[in-house]
Engineer: 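One structure follows; several queries about it will come next.
Lettering of chains follows the sequences in order, A, B, ..., and the numbering in each one begins at 1.
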Amino acid sequence: MISRFETTGAKDLGKYESDVFSAEEWKSFSTAKQQEILMNYRLAFSAIGEVNWCEALGTVLANDEVVNGVSERGGHPVVKKKMRQWYLRITDFADRLLDGLHTVDFSDSMKEMQRNWIGKSEGCEMDFNLNTANLDSSSNTPGSEVIKVYTTRPDTIFGVDFLVLAPEHELVNKITTAEQRKNIDDYLTYVKSRSDRERMSEAKHITGCFTGAYAINPFNHKKIPVWIAEYVLGGYGTGAIMAVPCGDQRDFLFAKHFQIPITNIIGDHFNGLEANATKEAVLQNSDFLNGLLMKDAIKVAIEKIESEGLGKRKVNYKMRDAGFSRQRYWGEPFPIKWEAGVAIAMNETQLPLSLPHVEKYGPGPEGEGPLANIADWTAQQLETSTMPGYAGSSWYFLRYMDPHNETSFCDRHVSDYWNQVDVYVGGTEHAVGHLLYSRMWTKALYDLGLIGFDEPFKKLVNQGMIQGSSRFAYRIKGKNEFVSFGIKDQYQTDALHVDVNMVDGLELDLAAFKKWKPDFENAHFILEDGKYICGVEVEKMSKSKFNTVNPDDLVEKYGADTFRLYEMFLGPVDQSKPWDTKGIEGVHRFIRKLWRLFNDEANGKIWNEAQANDAEWKILHRTIKKIEADTEHFSFNTAVSSFMICVNELSELKCHKKEILEKLLILLTPYAPHIAEELWQQLGNTETILDANYPVLEEKYLIETSKEYPISINGKVRANINIDLSAQQSEVEQIVLSNEIVQKWLDGNAPKKIIFVKGKMVNVVI
RNA sequence: GCCCAGAUGGCGGAAUUGGUAGACGCAGCAGACUCAAAAUCUGCCGUUCGCAAGGAUGUGCAGGUUCGAUUCCUGUUCUGGGCACCA
């Protein structure tokens, strides 16, 4: 990039309009200016962003440490604060992240979530001039302010009744009139206390404020009011929208709430009670778009907007660049030094940059990272933020391929050999975080030629989350006082997670709670019936929710095989379920029953070398078939159940034959490796079962000649008749109609129709 | 609010492509063995009417398609995950 700037300057990049210069100009720029320009093109770049700032705690907070706008710890107010941050330019990968989805084996819902998150939309940017005559002298507007909006629906341009700016939009201060100044300032203070989540969530609670300014619709020159409202977010599009109440429900509700007159451009397709967001209506009152179907009008409108020079076609993404610095944690340090406000990357020979050893760490002054407290660190002008968790989780699978390499993160030959991760098992909670970051990371490494593939995971299996039962205590707003669940509605409270280990059923152990965190040492409690009762919610099991349980006791009591089988037996791997050990006895009994096929309590060894009969081979091969199919489909719960059926049936036949049992053990190895190996050795094998050949299915043992057909009358099963599988419809009809039960239902009448599905069922319609 | 899932007996779940709803397991009940217990074994086990034979009903809720729907379609409720500093 630098050599490009040195030779040809930047005219054709088109990414940042401000970055147009010649090669000569580039060379004349100061280092700082050059670095500033380069920052616009770096994959990892520094810019100003907003963080959760808690003045009372003197620290930046993570989103999950903020409850209802106050800090979880102590209940102090949290506001947004601007701070220099590092970002990864994931937006530059947006199209490739979308395209790559065609090449990976992920579930459709996972792909859908990623697509929606990336949120590619095609529309246009359009300029609305301000009606400057309206601005009074108190606003220092030069008179040529333009509001740039982004819209995917330029076809509705004649239905625009107002513009809405994001409260953080840079023009807000400039265009606000003197009369509206106070209202706007109050509203901005309110918005500052609101998280993005709250701003998007509470659609019922409509808020906004008129700036006093008016803009001009470039097509019909109508004067339209300019509002600000929290439902428009600064980070998306241009941070400004044109509001069309008859075609957008949020705009509609906003117009109704603030009694802004609504222009109807689709006649009967708009009923005045709710917006019509379809693109199927025919346009009216829309000048050159009259008579066009909305979806066809979009193209026409864009062409007109471009030809009139009012704006231009624009592809937009909902996804934002990924925040890559943290002030809250002790993560990997940035190899960056700040020199006179310019970020300079450390030379590779100076790396690795290691974190200093410290006794304890806390937030730095002004909410910087903990490194800001370390004189040694700041003296070197080193960056004081640290990297987030995904700095590691985005590429660890590559390092795993070559973990001892001292010179490179992973030798190219090694990654070429191992290639992509074949199957990646992870929960859907990572859908738009980790799984997008690692995909982007892989593409970046691929672009650098460091690896030979640009998608990390060939196949993704979403295992369901194990859920835990969380317990909550309710803190009265602004106090260090907690109110019991049954009476909490009489107060304004914030719900805080409490450690499930301090709760007996629902009753909180107050002494343990006070000792838990220093903040709670002097807490007061409002009890019911002398007890503090906690609230309950089922949530994903997570350390941050204090609802984890330790499996060590179970492994101790039942062994790892039982634990492993039980986890599989709980249900489909992709389904979330609360952790509950109620049924673990069942799989443990299965293991013991398996053992008894080989050993007798009184006599020891009972397995033998006798030849198996057809019935026994049939049981084995039915199991082989089922296990193969289930394993292939990751249907581990049904596989465990077929192992149980197999062992039950062999027990019933008193089958202790080695030639059957040894094959069963091989099948079982991936499911219960320890007992399989142990019994394998008992059978006299000296090599490990892991090297045994997998049994081959022999269909000949599974051939059936007849079937117990269910016979339905009008879809309800009334009888079962054993019929030869080779029987044709006419034979089947004869057999069925002569059946006593069928005759009873027919009651002398002829059936209307007989449906026969070979190998499945018979349905007699009467 | 938006995006993505899910909902079947007392409980976890099964039903692979629209074809016998409840496999397998837990819990429960009755029994066998035992001085007793544990372990093990046998039988019963959706709801409801019935002595029984048998009938009715039943897969979150309301509709629809079909000879036939847990499965497909429309709407809806509830639960869970995510919403950018947990990753």
Engineer: Go through it in stages, so that I can follow the logic: the residues are A/E65 and A/R328, the test is salt bridge (Lys or Arg N to Asp or Glu O under 4.0 Å), and I'd like the CA-CA distance, side-chain angles, deciding distance and then a yes or no.
Structural biologist: CA-CA 11 Å; A/E65 293 170 314; A/R328 187 82 186 100; 2.7 Å; yes

Engineer: Taking the side chain as every heavy atom from C-beta outward, state whether A/F756 and A/V736 have any atom pair closer than 4.5 Å.
Structural biologist: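 Counting from C-beta outward, A/F756 and A/V736 never come under 4.5 Å.
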
Engineer: I want to check one thing: is the phosphate of B/C85, taken as OP1 and OP2, less than 4.0 Å away from some side-chain N or O of A/W330?
Structural biologist: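 Indeed not, no polar side-chain atom of A/W330 lies that close.
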
Engineer: Just the rounded figure in Å: distance from P of B/G81 to CD1 of A/I466.
Structural biologist: 13 Å

Engineer: What's the gap between B/A23 and B/U16 when it is taken at their P atoms, as a whole Å value?
Structural biologist: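 So the two P atoms sit 15 Å from each other.
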
Engineer: Over how many whole Å does the gap from A/I755 atom CD1 to B/U20 atom P extend?
Structural biologist: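 Rounded to the whole Å, the gap is 14 Å.
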
Engineer: Output the distance between atom CD (A/E55) and atom NZ (A/K81), rounded to the nearest 0.5 Å.
Structural biologist: 7.0 Å

Engineer: Taking only the side-chain nitrogens and oxygens of A/R589, find out if one of them lies under 4.0 Å from OP1 or OP2 of B/C26.
Structural biologist: yes

Engineer: If you assign A/G586 and A/T638 each to the RNA chain B nucleotide with the nearest heavy atom, which residue ends up on the more 5' nucleotide?
Structural biologist: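 Here A/T638 is the residue nearer the 5' end.
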
Engineer: Just compare B/G81, B/A5, B/U57 and give me whichever is closest to any side-chain atom of A/K716.
Structural biologist: B/U57

Engineer: Establish, with yes or no, whether the OP1 or OP2 oxygen of B/A5 is under 4.0 angstrom from a side-chain nitrogen or oxygen of A/Q575.
Structural biologist: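 False: A/Q575 side-chain N/O out of range (4.0 Å or more) of B/A5 OP1/OP2.
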
Engineer: Check whether any side-chain nitrogen or oxygen of A/R596 sits under 4.0 Å from OP1 or OP2 of B/C41, and answer yes or no.
Structural biologist: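 Yes, A/R596 has a side-chain N/O under 4.0 Å of OP1/OP2 on B/C41.
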
Engineer: The side chain of A/K593 lies closest to which of these nucleotides: B/C41, B/G54, B/G81?
Structural biologist: B/C41

Engineer: I'd like to know whether CD of A/E632 has more than 12 heavy-atom contacts from other residues, nucleotides or ligands below 6.0 angstrom.
Structural biologist: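 Atom CD in A/E632 is not packed in, count stays at 12 or less.
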
Engineer: Between the side chains of A/T581 and A/Y566, does any donor sit under 3.5 Å from an acceptor?
Structural biologist: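 No, A/Y566 and A/T581 have no side-chain donor paired with an acceptor closer than 3.5 Å.
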
Engineer: If only side-chain N and O atoms of A/N462 are considered, is one of them under 4.0 Å from the OP1 or OP2 phosphate oxygen of B/G81?
Structural biologist: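 No, outside the criterion.
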
Engineer: What nucleotide among B/G80, B/G82, B/C67 has an atom nearest to a side-chain atom of A/Q467?
Structural biologist: B/G80

Engineer: I'd like the C1' distance from B/G82 over to B/G63, given in whole Å.
Structural biologist: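 Taking atom C1' in both B/G63 and B/G82, they lie 32 Å apart.
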
Engineer: Does B/A21 have a Watson-Crick or wobble mate here (both distances under 3.5 Å), and if so which one?
Structural biologist: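 Matched B/A21 with nothing under the 3.5 Å cut-off.
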
Engineer: How many whole angstroms separate atom CD of A/E601 from atom P of B/C41?
Structural biologist: 12 Å

Engineer: Within the 4.0 Å heavy-atom criterion, would you say A/G433 contacts the bases, only the backbone, or no part of the nucleic acid?
Structural biologist: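 Here A/G433 touches no strand at all.
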
Engineer: On a whole-Å scale, what distance lies between the P atoms belonging to B/G58 and B/G10?
Structural biologist: 15 Å

Engineer: If I pick the P atom on B/A5 and the same atom on B/G28, what distance separates them, to the nearest angstrom?
Structural biologist: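 Between the two P atoms, the distance is 39 Å.
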
Engineer: Among B/G55, B/C86, B/G81, which nucleotide sits nearest the side chain of A/N63?
Structural biologist: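 Within the option list, the nearest is B/C86.
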
Engineer: Kindly say if A/R194 contacts the phosphate of B/G1, meaning a side-chain N or O under 4.0 Å from OP1 or OP2.
Structural biologist: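 Checking B/G1 against A/R194, no side-chain N or O comes under 4.0 Å of OP1 or OP2.
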
Engineer: Quick check on B/G63: syn or anti? Syn means the glycosidic torsion is within 90 degrees of zero.
Structural biologist: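 Anti conformation here, the glycosidic angle of B/G63 being more than 90° from 0.
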
Engineer: I want to check one thing: is the phosphate of B/U40, taken as OP1 and OP2, less than 4.0 Å away from some side-chain N or O of A/R592?
Structural biologist: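 Checking A/R592 against B/U40: at least one side-chain N or O falls below 4.0 Å of OP1 or OP2.
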
Engineer: From the list B/G81, B/G12, B/C85, which nucleotide is the closest neighbour of the side chain of A/E429?
Structural biologist: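 Nearest nucleotide to the side chain: B/G81.
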
Engineer: Measure from the side chain of A/M465, starting at C-beta and using heavy atoms only, and say which of B/G81, B/G19, B/A5 lies closest.
Structural biologist: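 The listed nucleotide nearest to A/M465's side chain is B/G81.
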
Engineer: Would you mind telling me which of B/G19, B/A84, B/U20 lies closest to the side-chain atoms of A/K707?
Structural biologist: B/U20

Engineer: So, does A/N637 get its side chain near the phosphate of B/A14, meaning an N or O under 4.0 Å from OP1 or OP2?
Structural biologist: yes

Engineer: When the P atoms of B/A32 and B/A37 are compared, how many Å lie between them, rounded to an integer?
Structural biologist: 12 Å

Engineer: B/G81, B/A56, B/U20: which one has an atom nearest the side-chain heavy atoms of A/R718?
Structural biologist: B/A56

Engineer: Do other residues, nucleotides or ligands put more than 12 heavy atoms under 6.0 Å from the CZ atom of A/R73?
Structural biologist: no

Engineer: Nearest to the side chain of A/K582, heavy atoms from C-beta on, is which of B/G80, B/C24, B/C26?
Structural biologist: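 Shortest atom-to-atom distance from the side chain points to B/C26.
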
Engineer: Confirm from the modelled atom types if A/N763 and B/C67 form a donor-acceptor pair under 3.5 Å, side chain to base only.
Structural biologist: yes

Engineer: Give me the distance, rounded to whole Å, that separates B/G6 from B/G13 when you measure between the P atoms they each carry.
Structural biologist: 13 Å

Engineer: Check the phosphate of B/G82 against A/K540, side-chain N and O only, distance under 4.0 Å to OP1 or OP2. Yes or no?
Structural biologist: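 So the side-chain polar atoms of A/K540 do come within 4.0 Å of the phosphate oxygens OP1 or OP2 of B/G82, strictly under.
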
Engineer: Say we look at B/U65 and B/C73: how far apart would their C1' atoms be, to the nearest angstrom?
Structural biologist: 7 Å

Engineer: To the nearest angstrom, how far is A/K577 atom NZ from B/G13 atom P?
Structural biologist: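 Taking atom P of B/G13 as the reference, NZ of A/K577 is at 6 Å.
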
Engineer: Supply the atom-to-atom distance A/N714 CG to A/N763 CG, rounded to the nearest 0.5 angstrom.
Structural biologist: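 Between A/N714 CG and A/N763 CG, I get 7.0 Å after rounding to 0.5 Å.
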
Engineer: Mapping A/I741 and A/S544 to their closest nucleotides on RNA chain B, which lands nearer the 5' end?
Structural biologist: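 Nearest-nucleotide comparison on RNA chain B picks A/I741.
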
Engineer: Counting side-chain heavy atoms from C-beta on, which of B/G19, B/C24, B/G81 comes nearest to A/S641?
Structural biologist: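 Of B/G19, B/C24, B/G81, B/C24 is nearest to the side chain of A/S641.
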
Engineer: Rounded to the nearest 0.5 Å, what separates atom CD in A/Q85 from atom CD in A/Q327?
Structural biologist: 4.5 Å

Engineer: Separation of A/Q114 atom CD from B/C3 atom P, in whole Å?
Structural biologist: 17 Å

